[in-house]
Amino acid sequence: MNYGAATNWTIVFFTFVFWLAAWFLNSWLVKQEEKTPNLRQFNSIAVPIIFGITLLVVWEGLVRGFNVPTVLLPPPSMIWERIINSTDILWLDFKQTFLKAVLIGYALGCGSGFLVAIAIDRSPFLQRGLLPLGNFVSALPIVGVAPIMVMWFGFDWPSKAAVVIIMTFFPMLVNTVSGLAASNNMERDLMRTYASSYWQTLFKLRLPAAGPFIFNALKINSTLALIGAIVAEFFGTPIYGMGFRISTEVGRMNVDMVWAEIAMAAVAGSLFYGVIALIERKVTFWHPSIRGGRN
Amino acid sequence: MRAIFQSKIFAILTILLTLLVIWYAMAVKLNTPWQLGVYERAGTTAWTTSQFINDTLNQKRPVLPSAHQVFSEMYVTIFQKPITSKRSLVYHSWITLSATLLGFAIGTLFGILIAIGITNNKALDRSLMPWVIASQTIPILAIAPMIIVVLNAIGLSGLLPKALISTYLSFFPIVVGMVKGFRSPKNIQLDLMQTYFASPMQIFFKLRWPSALPYLFPSMKIAIAIALVGAIVGELPTGAVAGLGARLLSGSYYGQTVQIWSALFMAAILAASLVMIVGLIEKRVTKNMGLTT
């Protein structure tokens, strides 16, 4: 790249024009909604996409127009090229960080949080003691335990999974306990008149009623898990993994590779979140927020 | 007596005590292999159980430091070192805290501004809101090292880059909470303002802003907690100079477990007090507004 080259005003100008045009297109689309209500569905997808494309074009245009050194901020096209050219490395990192550390830690952390919540559900004493602690711990910087976990469980993925377990455990615990309390007295009384046992009430009434709360925790945890695994890798890893790649490639000034990893992390995180949101729609179809059509 | 057993404090204390017992038991168990090695090398064969347990709890670099080791380390580094010293935990906490507060302040301001934009402009609402949500699926903490490096290259260093990471993390709960808050006035209230012939500005300051405040404080509690996490992680890649994150990193490099644990506890105390301060302000404000909490 030619550093310090003069600003290319033509590119900057066209970027600006594109931005204005996209802005007016979006405003126009939203205004049309009032006349044709059918447009609503289309708009809820089209408008954010147009905005996103505009963002990428403006990014590309400004970086090229002002000749920003690629070390600082590479244009999206360059990042895309890097993604295409190094799929094998990206896949290796993805396997290590996402498929092993994140998914295993997520499953174990959410699972144990759920089971502990059911276990303490029968003991008001444990609930009184554990819930404030759980709420307190949720506010703590838990990623800080990463160095300890690396020391205990070694450099490979188990230490990252351990961090993810600790991070996801408490949100799940707190949410499930409040979810189990969500069914009201009337409904529980009805179950009593049916002479249903504790477990029948749990499975047929209280767990389904806790669904929205549990899915809320699952969604919060999906982003927490990815963050936990990547940050834990800053404290020591084998020679692959998303966190490892990011920290070493920054040191080598290969910023496009870093952005490629970030793009992958963002896509993986969004898909993870999206899949859970989709399952939520299927499982808790009765909830007003889903019946209403829009999420 | 019954009242004591049924109280919340009693339950919490019991569980904390149980955790402490588990902690000590784990410390003995995890530190045993190393201690056995020490005895073997020293040729000590006749050791009693109590002596052994005592030794496992007072190792210099234990796998799991015992509680009293952590707390005495904290006492020494907080109270017995001058606060300008690099060994003082207060010094490191202050560095982290200042980045947290700056980032939190910018994030809150920025979040409120975005929320105002979203509630007042339909196109902005449709186009920006999905991206505000998408922005949080990017693990920003993972980008932290790069942001630090990039900003360093531009010439920004020290406090601001860390604060920006905190900003990025903390603006999100504020936006979500405030959008909800600004939309919370009911139609009937808005209609009343219309009949008063109130200008948009007046509607905003006399109706929307006050009714959004109850939403602001819970968001701020979440925001300040994650701003602290952001500042700590932001300190990891800066070459471990100063701050709680740097303490964690250097502790993990040199195997100083006691140092890691004391930094961790300090971070926990900091987080708890920050959330508590926001809670106190909330109580004060809601009381002044005449809202029952």
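Quick note: numbers below take in every heavy atom, side chains included, and nothing from hydrogens, waters or symmetry partners. Just so we're on the same page: letters track the sequence lines, and every chain starts at 1. This structure is a prediction, so every number in the text was calculated from the model and none was measured.
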Would you list the atom pairs, donor with acceptor, under 3.5 Å between side chains in residues 266-277 of chain B and any protein atom, with sequence neighbours excluded?
| from | atom 1 | to | atom 2 | distance (Å) |
| --- | --- | --- | --- | --- |
| B/Ser273 | OG | B/Ile269 | O | 2.5 |
| B/Ser273 | OG | B/Leu270 | O | 3.4 |

Quick check: are there more than 12 heavy atoms from other residues, nucleotides or ligands sitting under 6.0 Å from CD1 of B/Ile9?
-> no
Taking only residues two or more places apart in sequence or in another chain, which ones pass side chain to side chain contact (heavy atoms under 4.5 Å, CB included) with B/Phe10?
-> A/Phe125, B/Ile4, B/Phe5, B/Ser7, B/Thr14
For chain B, find which of A/Ser222, A/Gly243, A/Ala268, A/Gly52 contributes the most heavy-atom pairs closer than 4.5 angstrom.
-> A/Gly52
Looking at the rings of A/Trp59 and A/Trp259, which for Trp means the six-membered one, are their centres under 6.0 Å apart?
-> yes
For A/Val150, is it the side chain, the backbone, both, or neither that has a heavy atom closer than 4.5 Å to a heavy atom of chain B?
-> neither
Does any heavy atom of chain B fall under 4.5 Å from the side chain of A/Leu126, the backbone, both, or neither of them?
-> both
For A/Leu130, is it the side chain, the backbone, both, or neither that has a heavy atom closer than 4.5 Å to a heavy atom of chain B?
-> both
